[in-house]
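Only one structure is covered here, and it is reproduced in the block below.
Any value given below was found using the heavy atoms of this structure, including those in side chains, with hydrogens, waters and symmetry copies removed. Nothing here was measured: the structure is a model prediction, and the numbers come from that model. Chain A is the first sequence line, chain B the second, and so forth, proteins listed ahead of strands; every chain is numbered from 1.
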There are 2 protein chains.
Amino acid sequence: MHDKMNHELNPRISADCVIFGFDLNKLNVLLIERETVVGLDTYKALPGDLIFEDEPLDTAANRVLNELTGLEDIYLEQVGAFGDPDRLSKPQDRAWLKAVRQDPDARVITIGYYSLVGMNNYVPQPASFARAATWIPIEEIGELAFDHRQILDGALKKLKEKLNVQPIGFNLLPEKFTLSQLHRLYEAILGVELDKRNFRRKMLKMDILESLEERQEGVPHKPSQFYKFNEQKYHDLLKTGFDNFAF
Amino acid sequence: MHDKMNHELNPRISADCVIFGFDLNKLNVLLIERETVVGLDTYKALPGDLIFEDEPLDTAANRVLNELTGLEDIYLEQVGAFGDPDRLSKPQDRAWLKAVRQDPDARVITIGYYSLVGMNNYVPQPASFARAATWIPIEEIGELAFDHRQILDGALKKLKEKLNVQPIGFNLLPEKFTLSQLHRLYEAILGVELDKRNFRRKMLKMDILESLEERQEGVPHKPSQFYKFNEQKYHDLLKTGFDNFAF
DNA sequence: GGACCTTTGTGTCAAAAATACACTTTGCGA
DNA sequence: TCGCAAAGTGTATTTTTGACACAAAGGTCC
């Protein structure tokens with residue numbers, strides 16, 4: 001419990017955010033395009049930055065996210081801490097750090113966060129203050145800066161687990177949505193096929209959806225019914241304890 | 001992404017460990033007894049300490065745990081990062097920090113870990129190198145140092161969630177155990193009553209237990225059968241994917 | 001306008017799992 | 001030998017899962 005001279009770490013802390021969105025077809029993640037120092041390639045990273053002194057972790061994550069993407073008031077859930085001593089040691093990463101950080105050699109431990117947003121709520125501005133934050137379909141994401149790939153994978157795993165415990169995913173959809181869209185969303189997150197009829201049966205039995213009068217228009221096939229999410233019933237359900245949300 | 005002068009945090013990082021054990025009756029947590037500075041009261045805390053430079057987080061957690069309790073090679077799972085700026089601000093905590101730390105005012109962000117051990121594997125030595133680490137039944141734990149109560153609660157929540165996804169808990173029991181003991185363990189972790197017959201049926205159907213010839217002796221009632229955990233079958237099961245571990 | 005394409009939307013049956021529930025057995029101690 | 005305490009066991013009912021195929025609606029294209 002005593003200080004160990006010259007052994008202790010005096011690192012920096014950052015927050016990195018994995019923001020999931022759904023374009024009614026595929027699951028996407030909001031990534032920052034960075035220019036490499038040579039200025040040729042671009043180079044993708046999670047929105048993240050160092051946190052301030054006296055700033056709570058959650059607050060920092062929200063601030064950083066807002067600064068880099070413009071997103072505001074997002075409920076962020078923690079993925080965990082990522083602190084490998086060599087997590088910043090790839091050559092590309094080192095170059096970037098040297099160009100940008102006061103103390104590029106400092107160890108940085110990052111706290112990963114994730115969230116879900118409706119993609120309509122965030123349309124990246126072509127060349128705005130948000131330095132080229134863009135939605136990338138999750139299957140097209142390859143390597144990322146630092147250990148961000150690992151953070152992303154951790155976030156996706158937590159998201160899957162969470163989906164089996166409580167019905168989420170409503171944040172990822174527009175206010176009015178069809179059951180097919182919700183169905184595709186579940187398949188996109190879980191990465192498996194789900195039987196259409198069984199999915200509908202189970203989802204409707206939860207009794208957290210309200211069917212609207214409105215239907216799709218202008219589609220070259222049978223128009224589908226719109227539904228909306230009933231928050232009241234959802235919260236009641238959470239309180240009375242839940243089971244059976246797994247697919 | 002640029003450094004923000006004088007705003008950045010240069011905090012310290014610690015690791016705190018929540019170690020669960022089971023005495024065949026109640027769930028226990030391994031806590032450190034600290035003397036308060038006044039030397040009268042004792043004062044309980046999770047085993048934890050600052051991490052070293054260039055030390056991976058998981059390694060640090062294991063080292064710290066070993067230094068404080070003597071436990072070795074424990075598989076630790078992360079609970080998350082706890083970094084409230086005022087998490088060290090209770091008067092008792094401040095006094096302790098002043099007495100013990102070089103820089104008692106530094107902000108400390110801690111990474112919480114948890115694990116399960118068989119209580120036989122760790123019998124606290126009365127006044128040994130392990131500075132009074134003791135098992136405390138979980139219902140008797142009140143306030144703890146810093147935000148350790150919060151870390152403990154987080155760890156217990158994760159443990160419950162995990163128990164519903166995969167059958168664990170074998171680490172918490174002696175090598176040979178009875179189904180009643182396992183039953184009590186599940187009830188202790190989940191905090192609910194489970195029907196005896198249904199519990200047995202389900203547990204046996206998983207086919208990861210082996211019944212031994214041996215039976216209890218010297219008990220003033222029908223002696224129960226001993227079982228042991230079959231690791232081979234368990235790992236096979238994990239690979240083929242699992243469902244139905246929930247109670 | 002008719003053929004065609006695409007997606008929506010719906011029901012049943014069988015198998016598996018969950019739940020509720022009570023009495024007999026065993027061994028020790030008095 | 002009686003009583004006590006915990007172990008161990010089976011069944012009937014309900015609920016949930018999983019597999020599976022075809023009609024309905026609306027646009028497009030000729």
Those residues that, when tested against B:Glu210, pass side-chain hydrogen bond (donor to acceptor under 3.5 Å, both in side chains) (two or more places apart): B:Asn230
Whole-Å distance separating the NE2 atom of B:His183 from the C1' atom of D:dT9: 15 Å
Flag the pair A:Leu194 / A:His183 as yes when at least one side-chain heavy-atom distance between them is below 4.5 Å, and no otherwise. yes
Under the side-chain hydrogen bond (donor to acceptor under 3.5 Å, both in side chains) test, which residues partner B:Asp84, sequence neighbours left out? none
Find the distance B:Glu193:CD to C:dA20:P and express it as a whole number of Å. 12 Å
How long is the line joining CG of A:Leu204 and P of D:dT16, in whole Å? 15 Å
Going by the rule side-chain hydrogen bond (donor to acceptor under 3.5 Å, both in side chains), which residues pair with B:Glu175 if we only count those two or more places apart in sequence or in a different chain? none
Atom OH of B:Tyr227 and atom P of D:dA7 are separated, to the nearest Å, by 12 Å
Side-chain N or O of A:Ser224 versus OP1/OP2 of C:dT7: is the shortest distance under 4.0 Å? no
Annotated protein contacts, base or backbone, on nucleotides 21-30 of chain C with a non-hydrogen cut-off under 4.0 Å, one of B, S, - each: BB--BBBS--
Which residues share a side chain to side chain contact (heavy atoms under 4.5 Å, CB included) with B:Asp207, sequence neighbours left out: B:Lys233
How many whole angstroms separate atom CD of A:Glu214 from atom C1' of C:dT8? 17 Å
Under the side-chain hydrogen bond (donor to acceptor under 3.5 Å, both in side chains) test, residues paired with B:Arg215 that sit two or more places apart: none
Distance in angstrom units between B:Arg200 CZ and C:dT19 P, rounded: 18 Å
Nearest whole angstrom, please: distance from the C1' of C:dT8 to the CZ of A:Arg184. 11 Å
Could you state the atom-to-atom distance from CZ of B:Phe199 to P of D:dT9 in whole Å? 14 Å
How would you label the contact of B:Gln216 with the nucleic acid (heavy atoms, under 4.0 Å): base, sugar-phosphate, or nothing? nothing
